[in-house]
*Asks:* 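The structure is given below, and queries will be raised subsequently.
Sequence positions, counted from 1, serve as the residue numbers for this chain. These numbers come from the heavy atoms of this one structure, side chains and all, not from hydrogens, waters or symmetry mates. Here the structure is a predicted model, which means the values were calculated and not measured.
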Amino acid sequence: MSDAPRGCSNDTSLPTCYEESAGPLAIIIIPSLLALSTVLGVALIFCSLHKNKQRRQSTSAHLTNGQQSVSPTAASVSAPKVQAALCPWEIPEECALEGLEFWQSGRHGPICKGLLKKRDGATSAVVVKSLRDGSNKPEVKEFVDWVLFHARVCKHENVVRMLHCQIQRLPMYLVLDAYSPGNLLRFLWMLRNNSNAADPSVNFSERSVFLVAKQVAAGLDYLMSEHRLVHGDVAARNILIGPGLSARVSGLGMAFGGRRMDPPIRQRAAEVPLKWQAPERIMMQLSIDRSDVWSFGILLYELITLGSPPYPELEPLSVLPKLQGSYRMKRPQHCGGPLYDLMKYCWMWSFKDRPAFSAIMKLLDASQHLAVTKDICVPEVIDVSEYNRNAGLLS
C-alpha cells in the first residue's frame with residue numbers, strides 16, 4: 001500500500017486523472033498494486049524467517065559439534081604468543097565432553113559439570129567454564145587471559161588442575177578437574193551426624209584438619225611465592241577435596257582480577273563475605289598475603305566445626321566493630337590448644353604480626369602429632385538458607 005502514494009507524489013496529474021478519464025484504469029491499477037505489495041511483504045517475511053532458521057541451525061551446530069574453524073573474534077584477540085602457549089592445552093579431537101549439566105552462572109558465562117571421555121573410554125568428572133554467547137571483543141580477550149592464567153598458575157599439586165581448553169574454535173571454554181568428592185564445604189556438611197551421603201570409609205578428626213590445612217597452606221604459599229598472587233577469597237567453599245583427603249585450592253577469580261585493582265575488581269572484592277575478610281580488607285580494601293592468612297584462620301574454624309558459619313552469634317555487619325574491640329571467636333569443640341593458638345595467630349589485628357604460609361606449614365607439621373584422632377561429630381544438620389543468611393553469602 002505504501003508504493004501507491006509514492007507513485008502519486010511523483011506525478012501531479014494523477015489526482016486529475018482519477019477524477020476524470022482514468023476511473024476504470026484506477027480500478028484496475030490500485031488492486032494490482034495492493035496485491036503486489038502484499039506478495040512482496042509475504043515474500044520478505046518468509047525470506048527473513050528462512051534466514052533466522054539458518055542462523056539458529058548454524059549457531060546450534062556451532063555449539064554442539066565444536067568443530068568450527070577459528071572464530072574471527074577469537075583470532076583477533078589471540079596473539080601468536082598466546083595461541084602458542086595454549087595450543088598444548090587445546091582439547092584433543094579424540095576427547096569428548098558428555099553429560100554436561102548447568103551448575104551455576106560464572107563471571108564469563110555458564111559453568112557446567114560433566115564428564116570428559118578419552119579415546120580409551122576412560123572418563124573423569126570435570127567442571128567446564130564457558131564464554132557466554134554474544135560476547136564482545138574485550139570480553140573474549142579477558143576470557144582468553146583467564147584461560148592463560150590457569151595454564152600458567154595451575155602447576156602445583158595443591159592448586160586446582162587445568163585439563164584442557166578450547167580457544168581456537170567456538171564454543172570457547174576451560175576444562176578443570178572436578179576432583180571428587182569435590183567442594184570442601186559440602187563435604188564437611190555431609191560428614192555431620194555420620195550422614196550416609198558421606199563416604200563411610202572416611203574418618204575425619206582433628207588430625208584430618210591438620211592434614212587438609214597443610215595442603216591448603218602449601219597451595220596458597222605457592223601462589224604467593226611463585227606468582228605473587230593473593231587468593232583473596234580463602235574459604236572452605238573454594239577448596240576442593242579429593243581421595244585420601246587430598247586438597248586443592250580453587251576459586252581463583254579474585255587472584256586473577258587482583259593483578260589490577262581497578263573499580264570493577266574492587267567491586268568484586270566487596271562481594272567476599274565480611275566474616276572471612278581481614279580487618280584491613282574491610283576498612284581499606286587492602287588485599288595482601290597476610291589478609292589471606294586471616295581468612296585461613298577462618299578456614300581452620302570451618303574445618304574443625306564441620307562447616308559451621310564463622311561468628312555464628314554475630315550478624316555480618318557487626319563483626320568489624322567487635323574485632324576492633326579485640327573480640328575473637330571462642331575455642332570450638334573438638335579443637336585442641338595448638339590448633340586454636342594457630343587460629344589466634346592468624347587473627348592478629350596487625351597483618352605484620354601474622355605468620356606467613358611457609359611458617360604456618362611448619363607450625364602444622366610440628367603440632368600434628370598432638371592432634372586427636374577421634375572422629376569429629378557434629379549432630380546439627382545444616383540448613384543451607386539459614387547458613388547463607390548467617391554467613392552473609394549472596395543468595
*Asks:* Considering non-hydrogen atoms only, spot the tightest contact between L303 and I376 and give its length.
*Replies:* O-CD1, 4.4 Å

*Asks:* Under the salt bridge (charged side-chain N to carboxylate O under 4.0 Å, His left out) test, which residues partner D233, sequence neighbours left out?
*Replies:* R237

*Asks:* How about CZ on R328, more than 12 heavy atoms from neighbouring residues, nucleotides or ligands closer than 6.0 Å, or not?
*Replies:* yes

*Asks:* Go through the structure and list residues passing side-chain hydrogen bond (donor to acceptor under 3.5 Å, both in side chains) with D365, not counting sequence neighbours.
*Replies:* K214

*Asks:* Tracing side-chain links under 4.5 Å among I, L, V, M, F, W and Y, which residues wind up in one group with M361?
*Replies:* none

*Asks:* Closest approach of A391 and P316, non-hydrogen atoms and distance?
*Replies:* C-CG, 4.4 Å

*Asks:* Regarding W276 and E302, do their side chains bring together a donor and an acceptor under 3.5 Å, going by distance alone?
*Replies:* yes

*Asks:* Just wondering, are more than 12 heavy atoms of other shown residues or ligands nearer than 6.0 Å to CD in E101?
*Replies:* no

*Asks:* Could you go through L240 and V249, starting from their C-alpha distance and side-chain angles, then the distance that decides it, and tell me whether this counts as side chain to side chain contact (heavy atoms under 4.5 Å, CB included)?
*Replies:* CA-CA 6 Å; L240 296 176; V249 176; over 6 Å; no

*Asks:* Could you verify whether a donor N or O on one side chain and an acceptor N or O on the other, from Q215 and S246, lie under 3.5 Å apart?
*Replies:* no

*Asks:* Taking only Lys NZ, Arg NE, NH1 and NH2, and the carboxylate oxygens of Asp or Glu, determine whether R389 and E315 approach each other closer than 4.0 Å.
*Replies:* yes

*Asks:* Treating H231 as the side-chain partner and G219 as the backbone partner, does any N or O pair qualify as donor plus acceptor under 3.5 Å?
*Replies:* no

*Asks:* Without swapping roles, check the side chain of R207 against the backbone of Q368 for a donor-acceptor pair under 3.5 Å.
*Replies:* yes

*Asks:* For M224, what are the other residues in its hydrophobic cluster, where any two members join if their side-chain heavy atoms are less than 4.5 angstrom apart?
*Replies:* V230

*Asks:* Write out all pairs satisfying ring-ring contact (aromatic ring centres under 6.0 Å, His included) with one or both partners inside residues 156-178, taking only residues at least two apart or from two chains.
*Replies:* H156-Y222

*Asks:* With a 6.0 Å cut-off (strictly less than), is the heavy-atom count around NZ of K344, excluding the residue itself, greater than 12?
*Replies:* yes

*Asks:* Between R248 and D177, does any NZ, NE, NH1 or NH2 come within less than 4.0 Å of an OD or OE carboxylate oxygen?
*Replies:* yes

*Asks:* So, is the end of the R161 side chain (NZ or CZ) under 6.0 Å from the ring centre of Y179 and within 45° of the ring's axis?
*Replies:* no

*Asks:* Can you name the closest pair of heavy atoms from F187 and P181 and give their distance?
*Replies:* CD1-CG, 3.8 Å

*Asks:* Calculate, to the nearest 0.5 Å, the distance between atoms CG and CZ belonging to L229 and F256 respectively.
*Replies:* 10.5 Å

*Asks:* Assess whether a salt bridge exists between R107 and E142, defined as any Lys/Arg side-chain N lying under 4.0 Å from an Asp/Glu carboxylate O.
*Replies:* yes

*Asks:* According to the ring-ring contact (aromatic ring centres under 6.0 Å, His included) rule, which pairs have a member within residues 351-386, sequence neighbours left out?
*Replies:* F296-F357

*Asks:* Identify the two heavy atoms, one from E90 and one from Q168, that lie closest to each other, and give their separation to 0.1 Å.
*Replies:* OE2-N, 3.2 Å

*Asks:* Angle class for the W146/H150 ring planes (parallel below 30°, perpendicular above 60°, tilted otherwise)?
*Replies:* perpendicular

*Asks:* Please check: side-chain N/O of K374 versus main-chain N/O of E206, any donor-acceptor pairing under 3.5 Å?
*Replies:* no

*Asks:* Quick one: OG on S287 to CD on Q277, what's the gap to the nearest 0.5 Å?
*Replies:* 8.5 Å

*Asks:* Identify the heavy atoms of P273 and L393 that sit nearest to each other, and give their distance.
*Replies:* CG-CD2, 3.3 Å

*Asks:* Mark yes or no for whether K275, through its side chain, and L314, through its backbone, hold a donor-acceptor pair below 3.5 Å.
*Replies:* yes

*Asks:* Measuring from W349:CH2 to R354:CZ, what's the distance to the nearest 0.5 Å?
*Replies:* 9.0 Å

*Asks:* I'd like to know if the side chain of D375 and the backbone of N203 have a donor-acceptor N/O pair within less than 3.5 Å.
*Replies:* no

*Asks:* In terms of ring plane angle, is the pair W347 and W294 parallel, tilted or perpendicular, where the classes change at 30° and 60°?
*Replies:* tilted

